[in-house]
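Remember, it's a predicted structure, so these values are computed and weren't measured experimentally.
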Amino acid sequence: QVQLLESGGGSVQAGGSLRLSCAASGRTFSSLAMGWSRQAPGKEREFVATITWSGGGTYYADSVKCRFHLSKDNTRHKMYLQMKSLKPEDTAVYYCAAKRSSWPSGREYDYDYWGQGTQVTVSS
């Protein structure tokens with residue numbers, strides 16, 4: 001069983017930066033593909049970034065490309081989402097997710113483990 005715990009959310013002005021962290025328990029962390037999904041008020045949840053088990057491959061939604069950077073530290077059992085040039089439309093609850101596979105996916109139902117979420121609020 002894997003438990004995920006997000007941290008690093010908060011409030012920031014447009015143009016600012018935040019770094020989200022996802023800490024994982026369990027011995028299988030290094031074999032998990034992972035990702036960050038977000039849900040804004042009144043909108044469907046969407047994956048914004050995913051990463052392969054090794055951290056060698058990352059994928060980004062067009063809406064965050066070139067502004068967000070995802071990394072995975074298998075020795076520390078942590079995943080990080082560095083967000084810069086934040087926009088009000090980035091406001092959402094951000095969820096950490098992991099799947100028992102080497103390769104990530106953009107589909108929620110492919111993921112086996114989820115965190116509780118952390119709020120990110122960007123004001124204009």
Side-chain angles (χ1 to χ4, degrees):
Q1 187 71 10
V2 174
Q3 293 184 326
L4 304 175
L5 181 63
E6 303 98 335
S7 62
S11 297
V12 65
Q13 289 192 327
S17 299
L18 282 173
R19 188 176 81 156
L20 304 183
S21 297
C22 176
S25 65
R27 295 178 293 175
T28 60
F29 180 84
S30 61
S31 65
L32 301 173
M34 301 185 70
W36 285 94
S37 176
R38 69 184 182 186
Q39 186 164 26
K43 294 187 178 181
E44 293 186 356
R45 194 180 292 193
E46 61 167 347
F47 268 95
V48 295
T50 59
I51 193 165
T52 59
W53 68 276
S54 66
T58 51
Y59 307 89
Y60 299 94
D62 288 342
S63 58
V64 306
K65 206 170 288 184
C66 299
R67 299 188 299 119
F68 289 13
H69 177 73
L70 183 58
S71 60
K72 186 173 187 267
D73 187 338
N74 286 335
T75 60
R76 290 182 169 81
H77 286 201
K78 285 193 173 181
M79 178 177 65
Y80 304 100
L81 184 67
Q82 180 67 51
M83 306 184 293
K84 64 179 184 179
S85 302
L86 283 162
K87 305 174 181 180
E89 50 264 44
D90 294 318
T91 295
V93 178
Y94 284 71
Y95 297 91
C96 171
K99 62 193 296 280
R100 293 189 300 262
S101 171
S102 300
W103 299 99
S105 161
R107 297 184 296 266
E108 289 187 16
Y109 56 78
D110 285 338
Y111 286 78
D112 303 291
Y113 309 105
W114 289 86
Q116 294 298 309
T118 185
Q119 176 72 46
V120 171
T121 303
V122 184
S123 58
S124 57

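With values rounded to the nearest 0.5 angstrom, M79 atom CE is found 8.0 Å from E6 atom CD. To the nearest 0.5 Å, atoms CG (L4) and NE2 (H77) are separated by 12.0 Å. Between the CH2 atom of W103 and the OG1 atom of T50 there is a distance of 10.5 Å, given to the nearest 0.5 Å. Atom CD of Q13 is separated from atom OG of S124 by 9.0 Å, given to the nearest 0.5 angstrom. Between atom CD of residue E44 and atom CZ of residue R38 there is a gap of 13.5 Å, rounded to the nearest 0.5 Å.
The two atoms that bring W36 and Y80 nearest to each other are NE1-C, 4.2 Å, heavy atoms only. When all heavy atoms of A33 and P104 are compared, the pair lying nearest together is CB-N, 3.5 Å. Of all non-hydrogen atoms in L81 and A49, the two that sit nearest each other are CD1-CB, 4.1 Å. Minimum interatomic distance between W114 and S37 (heavy atoms only, all atoms of both residues): CZ3-CB, 3.9 Å.
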Side-chain donor-acceptor contacts of residues 60-72 below 3.5 Å, not counting sequence neighbours, with atom names and distances?
unit_1, atom_1, unit_2, atom_2, d
Y60, OH, L70, N, 2.8
D62, OD1, K65, NZ, 3.0
R67, NH1, S85, O, 2.9
R67, NH1, D90, OD2, 2.8
R67, NH2, S63, O, 2.8
R67, NH2, D90, OD1, 3.0
R67, NH2, D90, OD2, 3.3
K72, NZ, F29, O, 3.1
K72, NZ, L32, O, 3.1
K72, NZ, W53, O, 2.8
K72, NZ, N74, OD1, 2.6

Tell me which donor-acceptor pairs under 3.5 Å the side chains of residues 16-26 have, and how far apart each pair is, sequence neighbours excluded?
unit_1, atom_1, unit_2, atom_2, d
S25, OG, Q3, N, 3.1

Using atom types as modelled, flag every donor-acceptor pair under 3.5 Å from a side chain in residues 115-122 to any protein atom, sequence neighbours excluded.
unit_1, atom_1, unit_2, atom_2, d
T118, OG1, G9, N, 3.3
Q119, NE2, A92, O, 3.4
Q119, NE2, T121, OG1, 3.3

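Remark: Y111 pairs with no residue by the side-chain hydrogen bond (donor to acceptor under 3.5 Å, both in side chains) rule, at least two apart or across chains. Residues passing the salt bridge (charged side-chain N to carboxylate O under 4.0 Å, His left out) test with E89: none are found, sequence neighbours excluded.
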Full working for side chain to side chain contact (heavy atoms under 4.5 Å, CB included) between Y113 and M34 = CA-CA 9 Å; Y113 309 105; M34 301 185 70; over 6 Å; no
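No more than 12 heavy-atom neighbours from other residues, nucleotides or ligands sit within 6.0 angstrom of CZ on R76.
Under the 4.5 Å side-chain criterion, counting only non-hydrogen atoms from C-beta, F47 is not in contact with R107.
The hydrophobic cluster containing M83 also contains I51, counting ILVMFWY residues as joined when their side-chain heavy atoms lie under 4.5 angstrom apart, directly or transitively. Cluster membership for V93 and V12, using ILVMFWY side-chain heavy atoms within less than 4.5 angstrom, is not shared.
As a member of the Ile/Leu/Val/Met/Phe/Trp/Tyr network built from side-chain separations under 4.5 Å, Y109 groups with nothing else and remains a singleton.
A distance-only check finds a donor-acceptor pair linking the side chain of D112 to the backbone of R100 [under 3.5 Å].
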